Amino acid sequence: MEESVFQNYLKSDTLFKKNRDILRPSYIPENLPHRDYQIDQLASILATALRGDRPSNVLVFGKTGTGKTAVVKFLGKEIKKSSDEMGTIDYIYLNCEVVDTQYGVLANIGNRFISDWEEQIPFTGWPTEKVYNMLKEKMDSKMRVAVIILDEIDKLVYKSGDDVLYHLSKINDDLTQAKVSIIGISNELKFTEFLDPRIKSRLGEEKMVFPPYNAEQLRDILMQRAELAFREGVVEPSVISLCAALAAQEHGDARRALELLRVAGELAERNHEDKVTETYVYKAKNKIELDCVAEVIRTLPTQSKLLLFGMILNEEGGREKLNTGDVFSTYKELCKKTGVSVLTQRRITDLISELDMLGIIHARVISKGRYGRTREITLSVPIMEAKKVLEEDDIIKELYGQKIKIQATLDYMPRT
DNA sequence: TGTCCACTGGAAGGGAGGGCTT
DNA sequence: AAGCCCTCCCTTCCAGTGGACA
């Protein structure tokens with residue numbers, strides 16, 4: 001009997017139950033283990049809204065994967081259920097990493113109050129003041145309590161200052177009918193330092209901190225999800241414990257733990273295993289780390305790719321510690337060879353900082369006394385992997401087979 | 001002790017590219 | 001079409017600096 005090429009893959013799909021999204025971070029389960037206290041606390045604040053009053057503004061702090069977003073979204077669902085008969089509560093969720101400008105935030109919120117058949121606020125074009133007025137007007141057209149959630153609020157402040165928060169936090173003074181309360185979610189405790197003191201106090205009427213999960217708590221979370229996502233007997237308890245332990249080492253990140261388990265499952269499935277074993281957890285750990293780096297590099301703008309490529313060539317050429325001057329001159333060389341326009345050194349220092357923040361390189365400022373002050377730069381990703389990804393870029397591809405002066409004394413020919 | 005290197009990183013602003021209004 | 005607005009990417013200009021060396 002002829003077998004289709006997919007046959008193997010189709011029949012091997014036996015590890016997961018039908019819905020593997022259960023292991024993805026976007027999935028909000030029916031109950032959230034070990035977050036009862038936080039749920040109660042936030043619920044008691046938000047309950048005010050059900051009575052038609054304005055709940056206090058809240059700032060929620062906690063590292064990634066501690067359940068902040070999950071709890072807030074979970075309560076959003078609950079509050080909608082309870083308020084359906086009245087229909088007076090708007091629960092608006094906004095991720096400030098995606099929408100990170102003052103205009104963007106105002107326009108986004110505004111559009112939630114504008115029905116589909118009406119004209120929306122365009123994503124650019126209007127004066128900000130006009131967007132703000134529109135938002136106010138639409139919001140105020142009806143008695144309602146609006147709860148606005150600004151996830152990753154620190155990104156917003158970092159990128160575009162605190163003007164938006166100033167506007168939003170004093171919007172209640174301008175509204176006659178509607179009431180607004182803001183829930184800010186942040187990874188960083190200290191982001192409030194950058195805020196104007198008035199905004200800081202208005203925004204932080206209530207504060208909550210989500211502690212990291214410990215290994216035991218992570219295990220409970222994983223158990224709960226694994227039961228839903230995997231077929232019976234596919235995942236050993238020891239595998240769950242391992243995922244929990246690994247994630248606990250990384251500041252108790254539940255997202256990471258779930259990802260480990262999911263990827264381990266997927267890898268095992270691909271190899272036609274009938275069980276997920278600990279080996280696959282370690283494999284998953286590796287894969288996740290590499291995929292993450294690869295994705296970051298892949299989406300870099302061309303200029304940064306050239307810059308990074310230059311650093312790699314230098315390191316291959318035997319230099320481990322680079323400084324800004326070296327990197328800049330190699331970069332200029334690469335630009336010349338590829339016909340890409342050369343950016344100024346000032347701009348390049350910014351790009352270097354960016355690469356540093358992304359964790360691709362490590363750059364720190366040092367002083368070499370008589371010989372000036374500069375950054376000392378080392379790569380912090382495996383060279384082979386990074387090169388493989390960079391080679392996907394057509395512009396980088398051109399460089400292979402060419403002689404490149406990476407330092408005053410050294411010619412170098414990139415090799416695959 | 002002062003000098004002076006090779007930068008760092010802030011400030012200001014240009015201009016392209018998105019869009020709106022009149 | 002002209003005249004706005006907002007954001008992003010970039011340039012120009014420049015004061016500031018840690019510490020090896022004379």
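Convention: sequence-line order gives letters A, B, ...; per-chain numbering from 1. In this text the structure is predicted, and so the values were computed from the model without any measurement.
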Annotated protein contacts, base or backbone, on nucleotides 8-18 of chain C with a non-hydrogen cut-off under 4.0 Å, one of B, S, - each: SSSBBB---BB

Nucleotide-resolved protein contact map, nucleotides 13-22 of chain B, B/S/- at heavy-atom distance under 4.0 Å: -----BBSS-

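Here S353(A) lies out of heavy-atom contact (under 4.0 Å) with every strand.
For P382(A), the side-chain contact (heavy atoms from CB on, under 4.5 Å) partners at least two apart in sequence or on another chain are L290(A), E385(A). Residues meeting the salt bridge (Lys or Arg N to Asp or Glu O under 4.0 Å) test with D100(A), sequence neighbours left out: K159(A). For the salt bridge (Lys or Arg N to Asp or Glu O under 4.0 Å) test, residues two or more places apart in sequence or in another chain that qualify with E376(A) are R364(A). F230(A) pairs by the ring pair (Phe, Tyr, Trp, His ring centres under 6.0 Å) definition with F16(A), not counting sequence neighbours. In terms of the side chain to side chain donor-acceptor pair (under 3.5 Å) criterion, residue partners of E250(A) (sequence neighbours excluded) are, by chain and number, R256(A). Qualifying side-chain contact (heavy atoms from CB on, under 4.5 Å) partners for S201(A), counting only residues two or more places apart in sequence or in other chains: none.
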Name every donor-acceptor pair, under 3.5 Å, that has one atom in a side chain of residues 170-179 of chain A and the other anywhere in the protein, sequence neighbours excluded.
residue: N172(A); atom: OD1; partner: V180(A); partner atom: N; Å: 2.8
residue: N172(A); atom: ND2; partner: V180(A); partner atom: O; Å: 2.8
residue: D174(A); atom: OD2; partner: Y132(A); partner atom: OH; Å: 3.1
residue: T176(A); atom: OG1; partner: D140(A); partner atom: OD2; Å: 2.9
residue: K179(A); atom: NZ; partner: G52(A); partner atom: O; Å: 3.1

Just list the side-chain donor-acceptor pairs under 3.5 Å for residues 351-362 of chain A, sequence neighbours left out, or say none.
residue: S353(A); atom: OG; partner: T349(A); partner atom: O; Å: 3.0
residue: S353(A); atom: OG; partner: R375(A); partner atom: NH2; Å: 2.8
residue: D356(A); atom: OD1; partner: A363(A); partner atom: N; Å: 3.4

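Summarising the geometry, the separation between CG on N323(A) and P on dA6(B) is reported as 10 Å, rounded to the nearest angstrom.
Legend: side chain to side chain donor-acceptor pair (under 3.5 Å) pairs involving residues 214-223 of chain A, not counting sequence neighbours, sorted by first then second residue: H34(A)-D220(A).
Inter-axis angle, ends of the helix from dT1(B)-dA22(C) to dT22(B)-dA1(C), five pairs per end, rounded to 10 degrees: 20°.
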